[in-house]
Amino acid sequence: MKTTDTTDIAPSGRTGGTTDADDAANGNGLTDTAGGRRGLLRGLPWLVWRRHRALLCAALLATVVGCITFACQRIGVQDFLHSHRATADPDGELLTEFQNSYGSMFGSDLSFLQGLPVLAGIFLGAPLIAGELEHGTVKLVTTQSVSRTRWIAAALGLPLAVAVLCSTLLSAVFTWLWAPAHGLAASGDWLTNGPFDTTGPVPVARTLFLTACGIALGMLIKRVVPAMAATLTLAVVTGVVWAEQIRPRLGTLRSVSYPYDSDDGPRLPFASVRMDDWVSTADGKLYGFGTCTGSGAEACRAKLGIVNRVTQYFDYGQMAGMQWLGAGILLALTAVVLAFVVWRTHRRPL
């Protein structure tokens, strides 16, 4: 007499009703190609990649396209500089011509790079854990033979690694494009017009910080859409604080004095960023720039002893040090946020 095998058939066509989460928990998350080769990821990292592969692939594709675009743009910028024999201290006419030719290009590049950390926080960070909590995937995975430590390490590790890779490549290639024309691009203002936040280590640190904040908000809110909205709000608030309170304090202002009645104005080093103007006495006591400007101005200045004007600025040589200090602050905050995420994963129910 024949017996019938009543083993359940899973919707995916596998027997035993196993799921992707089961396979990941058991270390079976391998992809086999037709030739029998195995994938690079297995277990939980494979599960994280499978669930977020569309967004991660889009990020990698955008990085490749961005790097190729910047490389092509550099050819045109270099041709302009060579054909005009641009000096280390370009005049106003050359600056105007460069802005007419490449101003909009650099403006678009800067806007793109300034927006990427915000997009990473909203679309990568916020849904990363909030989506798992909202759909119950976390409970399924952690009820298998997977510890919370393994789960949070896999959930954070791969997306953050992709974020670091993409932001580092884009920052490096754009810095390569911008550096030869740093005195001409963005009107020469590297601090407030965008280059400070889009070159060197700062974009990498900002991307990690906003992504980590999105992850933390997603864990607290446990809903994807509200977490994304909260991340956008936080990005706007922290952006204002960064621009108004932190960035101007990352370096020590330098000063140059010149006679009050001088018609020449201050002679600042090339590519310096002018920050503030004062009037001062002979011994260096500063007064606001609008002091003694109304009726009786001369008598007022004589009474206070004002004889000089003072301009404070950041020199271009300070830029790299200020960037690394700012990036260090952002990375320290990122470490605090991620430590909170790990702590809450172990201490609170998911």
Side-chain angles (χ1 to χ4, degrees), residues 84 86-100 103-104 106-107 110-111 114 178 181-200 202 236-330:
H84 290 76
T87 62
D89 192 2
D91 56 27
E93 183 177 349
L94 179 61
L95 178 60
T96 301
E97 186 174 353
F98 184 87
Q99 288 299 317
N100 291 336
S104 60
F106 273 101
L110 292 170
S111 298
Q114 286 177 310
W178 170 80
H182 68 270
L184 297 171
S187 300
D189 187 344
W190 49 263
L191 184 64
T192 60
N193 284 356
F196 186 89
D197 293 336
T198 56
T199 61
V202 175
V236 173
V237 173
T238 56
V240 173
V241 173
W242 170 261
E244 299 294 332
Q245 301 298 325
I246 299 177
R247 191 172 60 197
R249 292 177 169 82
L250 294 175
T252 302
L253 285 170
R254 298 179 179 179
S255 302
V256 58
S257 300
Y258 55 101
Y260 188 92
D261 296 323
S262 174
D263 296 329
D264 294 336
R267 295 183 177 274
L268 301 180
F270 169 63
S272 298
V273 177
R274 190 169 182 167
M275 297 298 295
D276 208 348
D277 291 281
W278 306 79
V279 294
S280 73
T281 62
D283 60 0
K285 183 178 181 180
L286 297 176
Y287 292 93
F289 190 74
T291 303
C292 298
T293 56
S295 59
E298 292 187 7
C300 176
R301 291 197 297 270
K303 179 180 179 181
L304 296 177
I306 295 174
V307 295
N308 292 323
R309 297 180 187 269
V310 177
T311 296
Q312 293 181 324
Y313 65 94
F314 285 120
D315 186 82
Y316 176 69
Q318 297 175 266
M319 180 179 177
M322 293 171 64
Q323 284 183 311
W324 281 106
L325 177 58
I329 293 172
L330 291 173

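Quantities reported herein were computed from a predicted structural model and do not represent experimental measurements.
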Distance from [X] atom [atom1] to [Y] atom [atom2], nearest 0.5 Å?
X	Y	atom1	atom2	result
Q114	N193	CD	CG	9.0 Å
Y287	L304	OH	CG	4.5 Å
N308	I306	CG	CD1	10.0 Å
L191	S272	CG	OG	11.5 Å

Ignoring hydrogens and geometry, is there a side-chain-to-backbone donor-acceptor pair from [X] to [Y] under 3.5 Å?
X	Y	answer
Q312	V256	no
R254	Y313	no
Q323	F196	yes
Q318	D315	yes
S262	Y258	no
T199	P195	yes
W190	A271	yes

Closest approach of [X] to [Y] (non-hydrogen atoms, all atoms of both residues):
X	Y	answer
M322	L250	O-CD1, 3.5 Å
Y260	C292	OH-O, 4.1 Å
F98	A181	CZ-CB, 3.8 Å
T311	P266	OG1-CG, 3.6 Å
S280	L286	CB-CD2, 3.7 Å

**Report entry** Heavy-atom side-chain contact between L95 and E97 under 4.5 Å
**Finding:** no

Query - Any H182 side-chain heavy atom under 4.5 Å of F270 side chain - result: yes

Report task. Go through the steps for I246 and V241 under the test side-chain contact (heavy atoms from CB on, under 4.5 Å), then give the verdict. Result -> CA-CA 7 Å; I246 299 177; V241 173; 4.3 Å; yes

Report task. Could you verify whether a donor N or O on one side chain and an acceptor N or O on the other, from D197 and W242, lie under 3.5 Å apart? Result -> yes

**Report entry** salt bridge (charged side-chain N to carboxylate O under 4.0 Å, His left out) pairs, two or more places apart, involving residues 266-282
**Finding:** R274-D277

